[in-house]
Each structure stands twice: as structure tokens, then as C-alpha cells.
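Labels below follow one simple rule: chain letters A, B, ... track the order of the sequence lines, proteins then strands, and each chain is numbered from 1.
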Amino acid sequence: MHELRFEIEGSEAAQSLAPGSTVGELAERALGAERARPVIGARVGDRVFGLQEPLRESGTVRFIMAGTDEALPIMRHSASHIMATAVKRLFPEARLAIGPSIDDGFYYDFDLPRTLSPEDLATIEKEMATIVKEDRPFEREEMASAQALDFFRERGESYKTDLIERIGEPSVSLYRNGEFVDLCRGPHVPSAGRVGQFRLLHTAGAYWEGDSRNRMLQRIYGTAWRTREEVDAYLKRLEEARQRDHRRLGAQLDLFSVQEEVGGGLIFWHPKGAMLRHIIEGFWKEEHLKRGYQLVYTPHIARAELWHKTGHMDFYRENMYLLEIDQQDYVLKPMNCPGHILIYKAKRRSYRELPIRFAELGTVYRYEKSGVLHGMMRVRGFTQDDAHIFCTPEQIVDEVVECVRFGRYLAESFGFDNLQVDLSVRDPKNTTKYAGTDEEWRVAEAALAEALERVGLSYHVAEGEAVFYGPKIDVKLMDALGRPWQCTTVQFDFNVPRRLDVNYIGPDGKEHPTVMVHRALLGSLERFVGTLIEHHAGDFPLWIAPVQAVVLTVTDDNVPYARRVIERLKEAGVRAELDDRGEKIGAKIRDAELAKIPYMLVVGRREAEAEKVAVRSRRLGDEGAIPLAEAVDKIVAEAKARR
RNA sequence: GCCCAAGUAGCUCAGUCGGUAGAGCACAUGCAUGGUAAGCAUGAGGUCACCGGUUCAAUCCCGGUCUUGGGCUCCA
């Protein structure tokens with residue numbers, strides 16, 4: 001048998017080893033026993049191996065050293081095994097499901113005879129510390145699947161036997177640490193003492209295989225890092241994220257509320273939140289008109305017949321609010337597309353008119369299960385910044401390119417420059433569950449990919465993530481806790497235009513099917529504003545701040561002058577408020593800081609006499625007194641620059 | 001919808017091992033006119049989520065319901 005050959009990154013000498021040698025052996029050979037000690041695993045090609053794993057193919061090797069970022073997922077995965085070991089010691093009847101590493105930590109799902117309390121977490125954590133101290137090695141073992149099935153069946157681990165059957169390989173790997181054995185692909189740290197520092201966070205319910213028809217398991221979440229300091233820093237980050245949670249800031253800054261007696265998922269926009277929305281909507285409309293969109297409005301309810309035609313009554317019924325009026329069924333609209341199509345179809349359309357771009361800030365209602373509602377991010381009534389572009393097949397790519405550019409421009413205007421872009425395409429293995437022909441899908445998917453290339457955005461192809469009626473581009477923004485929320489979506493729809501018979505008259509005088517691109521750039525105003533609140537931690541850029549400046553009087557004597565200052569600001573289009581309460585200046589400043597108002601203009605006797613204001617900005621603090629006219633110009637200029 | 005946890009003043013929270021409750025902030029009134037992150041005093045404000053049960057007595061114990069939060073699934 002041939003020896004395997006390994007190029008080692010950062011080293012001249014290549015190594016030859018017999019097939020089946022482990023990464024650990026390779027490390028010792030390449031680096032010597034001493035320098036190999038901090039090695040935790042290795043990356044060979046695009047796969048990560050643990051030290052215990054045998055190598056079967058030649059390749060270029062990069063060793064993963066303890067203390068590097070690459071070592072973290074391995075440590076976290078081992079931490080989940082150690083947690084499972086502890087749970088098994090405390091609850092021998094526990095059955096194991098799965099326990100992977102995730103961003104920032106790990107979890108493990110258990111089927112337990114009783115529910116876990118927060119005190120149990122402390123006990124489990126203590127037991128984990130003991131296991132770490134025992135510092136026993138993680139040993140890897142390969143077993144024929146048939147034998148592994150017997151092994152786990154004997155132990156009553158029914159989830160593991162399910163997994164082995166689902167994997168369907170002739171053999172599987174097991175990892176052993178002390179008395180604990182688990183079906184596992186690895187990799188793991190060499191021994192339990194090397195998992196680093198961890199902390200169990202909370203428990204949650206989770207269905208086996210994520211399917212609500214299956215049994216509910218108990219999931220324990222934990223976080224794991226290299227050092228105690230990193231764990232503390234992570235916990236602090238969680239706390240900071242909690243502080244900028246849009247629900248908390250929404251109440252603090254008096255932006256919006258959800259009222260129990262009205263129901264969950266329905267947003268009340270308070271004056272300041274409404275101002276924020278008003279500014280966003282104004283900007284949005286202007287930008288759309290600049291780009292050749294036409295604004296439309298469509299009714300909130302429509303006879304159910306329409307929704308039968310579109311297929312929604314069949315495919316979307318459980319998400320729709322149905323009404324009965326005069327013994328006729330009506331639907332509260334869950335989408336704007338049919339309305340826009342009806343406007344399109346109100347007359348014959350010529351190819352000369354295309355593309356037609358209808359845009360609407362359309363409020364829709366969708367029934368969502370109560371458990372998924374979340375502040376403004378996931379609601380039952382929301383306003384989409386919706387548009388439908390009707391065009392010919394030749395125009396698709398240009399239109400999509402413009403949509404993507406436009407979406408990026410809007411996101412950047414509001415201060416988002418880190419976008420996560422997905423191209424969601426059909427599942428190539430199961431093309432039957434999609435509407436439309438193969439040719440349509442090929443053209444549409446290629447058009448979306450080409451558009452992304454042309455715009456120069458890097459993206460991730462998500463196979464099988466397309467909706468049944470067409471492929472789509474999704475752009476996600478992250479919330480305070482790093483959860484992604486879809487905002488921009490650009491999608492093709494093969495279904496509704498065909499069902500509603502949408503067409504145009506071509507140069508040949510014949511009818512041709514019109515292609516429809518559906519897009520929302522901000523997504524929904526609710527979700528977008530929620531994300532915006534968290535992104536800026538409520539500290540909005542001047543141009544969208546609901547209150548841009550507050551005038552603070554030092555004493556009651558300054559009120560008449562302060563009123564004149566306010567007038568001047570308002571004339572210049574600055575959103576300004578007057579704080580003439582009988583409080584000391586320090587208290588007024590504190591309140592304005594807490595309200596996150598960008599500019600505080602302090603007026604006392606000195607300013608009134610010289611027609612000045614003392615500017616204090618949230619960013620820079622006390623900037624000293626300048627002439628009133630100059631201050632107004634400064635604020636206006638900054639707002640105009642959208643900084 | 002499902003699993004777990006939590007619901008006490010407008011907000012943030014304490015408390016009662018069963019004898020109908022308290023702080024800070026906010027609010028109101030009065031005093032104070034204070035120059036860059038909290039001036040002082042007084043006052044008002046509660047069906048302790050809701051419905052049952054146990055008990056001489058329930059905010060507290062038990063059961064159910066509703067709501068909220070963390071997850072699972074789904075989506076803008």
C-alpha cells in the first residue's frame with residue numbers, strides 16, 4: 001500500500017505516513033512531541049480532523065493550535081459531550097439526541113424523565129467541572145453500523161439508532177470519554193481537560209429533528225471559550241445586546257407598543273416611532289419616484305374568490321384572516337401582489353409600456369402562531385415596502401440588478417453596510433414541488449445570479465430555499481443578538497401571473513406572458529425599524545432622529561429667547577423641542593441624553609444676549625457657544641448629508 | 001401550536017416559610033432659578049394577570065386559563 005504524503009503549511013518538509021495514521025501521529029512526526037502538544041486538530045483540504053482521526057488521503061495540512069479561533073468549534077463540541085456525560089451521571093435514564101457546536105457555544109438535546117430547573121443547570125455544571133478535572137482522553141473508534149445499532153439499542157439510545165439508520169453508511173464513528181460513549185463524527189479535543197471555559201446558559205424545548213410531530217426534547221444551551229475572561233466578555237456582550245433589544249428601547253424611547261387587549265403581533269406606533277416611520281416612508285417614496293416606480297394603493301380586503309384564483313386559499317389559507325360580510329367571504333390581504341396585478345390588468349398592456357413598476361407601502365395581515373411573535377420583528381400586521389415589476393424576459397436581468405442596487409443603497413443610507421446575501425434556488429434533487437418549467441427556473445436562477453455578479457455582492461447559494469413559485473435573492477440584517485432577519489427580498493413569481501393570466505401585446509401583435517419580479521427592499525417597516533433601533537442602539541443618525549434637537553433653558557428668564565430659537569429651527573425644517581421645565585440644566589441634559597437626542601442647545605443669559613446657542617452634541621459633548629444662525633446651518637447641513 | 005420560565009404601581013424590581021403590600025424612577029403639587037448626565041419636600045397611584053379549589057383566612061399552596069419571555073418550526 002502506498003504511503004500518504006502531506007504538505008505541511010508553514011513548513012518546507014513534507015511528511016509521508018502509512019494510511020490510517022492519525023492526525024496526532026502526523027503532528028508528532030512533523031513538529032516533534034514538544035511542539036505538537038498544543039495541536040488540537042488539523043484542517044486537510046476543507047475538512048477538519050481531530051487528533052484521534054485516521055488520515056486516508058494525501059493533502060495539504062494546516063494544524064489547528066489550541067488558542068486559535070479554529071480550535072473553538074472543536075472545543076465547543078467537546079464541551080457538549082462533557083455536558084452530556086454529566087447529564088448521564090445525574091440522570092442515568094436520559095436518552096441522548098444530538099449535541100453540536102454552534103456559534104459562540106453548544107447545545108445538547110436530551111429526552112429526560114423530568115423537566116430541568118435552573119438549579120439543575122448549576123448541578124450539571126459542577127459535574128462537568130469534575131469531568132474536566134478527570135481529564136480523560138477522547139478516544140475515537142470505528143464500528144460497523146450493524147454492530148453500532150446493537151450497541152446503542154442495548155443502551156436504550158433510540159435516537160442514536162435512528163441516526164445510524166438515517167446515516168446509512170456501512171460504518172460509523174464513536175467517541176468515548178471515560179464511561180461516556182456517543183455516536184459522533186467528531187472532531188474532539190484530545191482530552192477533557194482541554195475544553196477551555198464554559199457556562200451553561202438556559203434550557204429550551206426542541207423537537208426531535210425539528211419536527212413538531214415528534215417528541216419535545218430538552219435542550220441545554222451553553223457557551224464555551226478559551227479563557228474565563230472570554231466567557232465573561234461573551235456574557236457581557238449578551239447583556240449589552242439585551243440593553244439594545246428593540247423592545248426595550250422601543251418602550252424607553254417611547255417609539256411603539258404592543259397592547260395586550262388588542263392582541264400580540266399588532267404594533268402601535270407612538271408619535272416618535274411614527275415620526276421615524278414617516279421619515280423613512282418619505283425617503284422611500286422619493287427614491288422610488290426617482291427610479292421610475294409608480295405609487296399605487298390597493299384595498300385591505302378582497303372577496304375570497306380572488307384568493308381562490310391566486311391559489312392562496314389552497315396554499316396559504318392557514319395564514320389568512322377570513323371575514324364574512326353579507327354571506328360573502330372576504331380575506332384580509334396577506335400579500336399585495338394580486339392587487340398590483342389587477343391594476344396591471346385593468347387595461348391591455350403593450351410591450352412599449354414595459355417595464356411597469358408598481359410600488360406600495362402595503363399593509364398586510366398574516367396569522368402567525370403565537371409562539372413566534374417577537375416585538376416588531378415578527379408580527380401579524382405589517383407594512384411591506386412592496387413593489388411588483390412587470391417586464392419582458394429580456395428586461396429581467398437589468399431590473400433585478402436595479403433592485404439589488406437600490407436595496408443596497410437604501411440599506412447603506414440607513415447605516416447598514418454588513419449585508420448577508422442568499423441566492424435561494426430550487427432543490428435540484430426534488431424539482432417536482434415547484435411551479436413553472438425547468439426552462440423558466442433555469443432562466444430565472446441565472447438572471448438572479450447574474451444580477452448579483454453585476455452588482456458585485458458576494459452571496460451564498462441556498463439550495464432548496466426557493467419558494468414554490470420562484471427563486472429569490474434574500475438580504476438579511478442582524479439583530480442585537482446576532483439573529484438574522486430577512487429584509488430585502490427579490491423574487492420571481494411563476495405562479496400568480498400565470499394563474500391570473502398576466503400578459504402583454506408584443507411587437508408581433510400577439511399576447512405574451514409577462515414576467516413578474518416581486519421585491520421588498522426594507523422588507524416590512526416594522527421589522528426594518530426594529531432592526532434599525534437595534535443597529536443604532538436607539539441612537540439614530542441625525543437625519544432620521546425623531547427629535548433632532550432640544551433647546552434647554554438655564555432659567556425661566558431664558559424661555560422667550562428659547563422660543564425664538566425653536567422657531568428658527570422649525571423654519572429651517574429641524575425637528576426641535578423645547579425643554580423649559582423647572583429643572584436644573586444638569587437634569588435636562590441627562591434627560592436629553594437618555595432620550596438619545598442628537599443635539600442639545602443650551603440657552604442662558606449669555607447666549608440670549610449674544611444671539612447664540614451653546615451646542616452640546618451627543619457625539620462630542622459640549623462644543624461651546626456659536627451664533628444661532630450658524631448652529632441652524634450646521635444641523636441642517638448634517639441632516640441633509642444623511643450622516 | 002409545542003416545551004420551559006415568568007406575570008406585584010406607568011417602568012425596573014423587592015417582599016410576604018398563608019394574616020389583603022414596599023423601594024427607586026416616572027407622575028402631580030409646592031419650594032428652589034439652578035451653566036453641561038439626577039435640587040428639596042409633600043402627595044397620588046395596586047382586584048399582587050384572570051377563574052376555580054384548599055383554608056377561619058390566599059398575592060403566597062393546588063388546578064385551569066390568558067399574556068409575556070427563551071427556544072423548536074415558519075416567515076417580511
Write down the distance separating the [atom1] atoms in [N] and [M], rounded off to the nearest Å.
| N | M | atom1 | result |
| --- | --- | --- | --- |
| B:A21 | B:C13 | C1' | 14 Å |
| B:U68 | B:A49 | C1' | 11 Å |
| B:G19 | B:A5 | P | 25 Å |
| B:U16 | B:G53 | P | 27 Å |
| B:C60 | B:U73 | P | 37 Å |
| B:G24 | B:U36 | P | 27 Å |

Angle class for the [X]/[Y] ring planes (parallel below 30°, perpendicular above 60°, tilted otherwise)?
| X | Y | result |
| --- | --- | --- |
| A:His340 | A:His388 | perpendicular |
| A:Tyr321 | A:Tyr365 | perpendicular |
| A:Tyr159 | A:Trp208 | perpendicular |

Do the charged groups of [X] and [Y] touch, with an N to O distance under 4.0 Å?
| X | Y | value |
| --- | --- | --- |
| A:Glu526 | A:Arg366 | no |
| A:Arg590 | A:Glu593 | no |
| A:Asp557 | A:Arg605 | no |
| A:Glu368 | A:Arg378 | yes |
| A:Glu402 | A:Arg357 | no |

Which of the following nucleotides, [options], is nearest to the side chain of [X]?
| X | options | value |
| --- | --- | --- |
| A:Glu583 | B:G39, B:G71, B:U36 | B:G39 |
| A:Arg247 | B:A76, B:G69, B:G71 | B:G69 |
| A:Ala614 | B:A38, B:G35, B:C75 | B:G35 |
| A:Ser524 | B:C2, B:A76, B:U36 | B:A76 |
| A:Ala206 | B:G35, B:U33, B:C72 | B:C72 |
| A:Tyr207 | B:A76, B:G35, B:G1 | B:G1 |
| A:Thr489 | B:A76, B:C4, B:G35 | B:A76 |

Could you tell me the separation between the [atom1] atom of [X] and the [atom2] atom of [N], rounded to a whole number of Å?
| X | N | atom1 | atom2 | result |
| --- | --- | --- | --- | --- |
| A:Leu121 | B:C4 | CG | P | 15 Å |
| A:Lys369 | B:G1 | NZ | P | 9 Å |
| A:Arg378 | B:G70 | CZ | P | 13 Å |
| A:His270 | B:C11 | NE2 | P | 12 Å |
| A:Leu200 | B:G71 | CG | P | 16 Å |
| A:Asp580 | B:U33 | CG | P | 17 Å |
| A:Gln218 | B:C3 | CD | P | 11 Å |
| A:Ile589 | B:G35 | CD1 | C1' | 8 Å |

Determine, step by step, whether A:Phe283 and A:Phe414 satisfy the ring-ring contact (aromatic ring centres under 6.0 Å, His included) criterion, reporting the C-alpha distance in whole Å, the side-chain angles of both residues, the deciding distance to 0.1 Å, and the verdict.
CA-CA 11 Å; A:Phe283 176 65; A:Phe414 290 105; 5.6 Å; yes

Within the structure shown, what part of the strands sits under 4.0 Å from [X] by heavy-atom distance: base, sugar-phosphate, or nothing?
| X | value |
| --- | --- |
| A:Val258 | nothing |
| A:Arg527 | base |
| A:Glu209 | nothing |
| A:Ala587 | sugar-phosphate |
| A:Ile585 | sugar-phosphate |
| A:Gly604 | base |
| A:Gly582 | base |
| A:Gly523 | sugar-phosphate |
| A:Phe528 | nothing |

Any [X] side-chain nitrogen or oxygen under 4.0 Å from OP1 or OP2 of [N]:
| X | N | value |
| --- | --- | --- |
| A:Arg219 | B:C2 | no |
| A:Gln486 | B:C75 | no |
| A:Arg366 | B:C75 | no |
| A:His202 | B:G69 | no |
| A:Tyr107 | B:G70 | no |

My validator wants the stems of RNA chain B: runs of 3 or more consecutive Watson-Crick or G-U pairs, both distances under 3.5 Å, written as range with range.
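Listed by first number, the stems are B:1-7 with B:66-72, B:10-13 with B:22-25, B:27-31 with B:39-43, B:49-53 with B:61-65.
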
I'd like a list of close polar pairs between nucleotides 43-47 of chain B and the protein, N/O only, cut-off under 3.5 Å.
none

Is A:Phe382 stacked against the base of B:A76, taking the criterion as centroid distance under 5.5 angstrom and interplanar angle under 30°?
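Ring-base stacking flag set for A:Phe382 and B:A76.
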
At less than 3.5 Å, do the side-chain atoms of A:Glu593 and the base atoms of B:A38 form a donor-acceptor pair?
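For A:Glu593, whose side chain was compared with the base of B:A38, there is no donor-acceptor pair (under 3.5 Å).
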
Please examine the side chains of A:Trp269 and A:Leu276, heavy atoms only from C-beta on, and report whether any two atoms are closer than 4.5 Å.
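No; the side chains remain at least 4.5 Å from each other.
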
Do A:Leu96 and A:Tyr108 come within less than 4.5 Å of each other through their side chains, counting heavy atoms only?
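Side-chain contact under 4.5 Å: yes.
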
Does A:Arg291 qualify as a cation-pi partner of A:Tyr409, given the criterion of NZ or CZ under 6.0 Å from the six-membered ring centre and within 45 degrees of its axis?
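Relative to the ring axis of A:Tyr409, which defines the angle, A:Arg291 lies inside both limits.
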
Please check: side-chain N/O of A:Asp109 versus main-chain N/O of A:Leu217, any donor-acceptor pairing under 3.5 Å?
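Here the side-chain-to-backbone pair does not exist.
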
Pick the nucleotide of RNA chain B nearest each of A:Arg606 and A:Thr488; which residue has the one closer to the 5' end?
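Result of the comparison: A:Arg606.
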
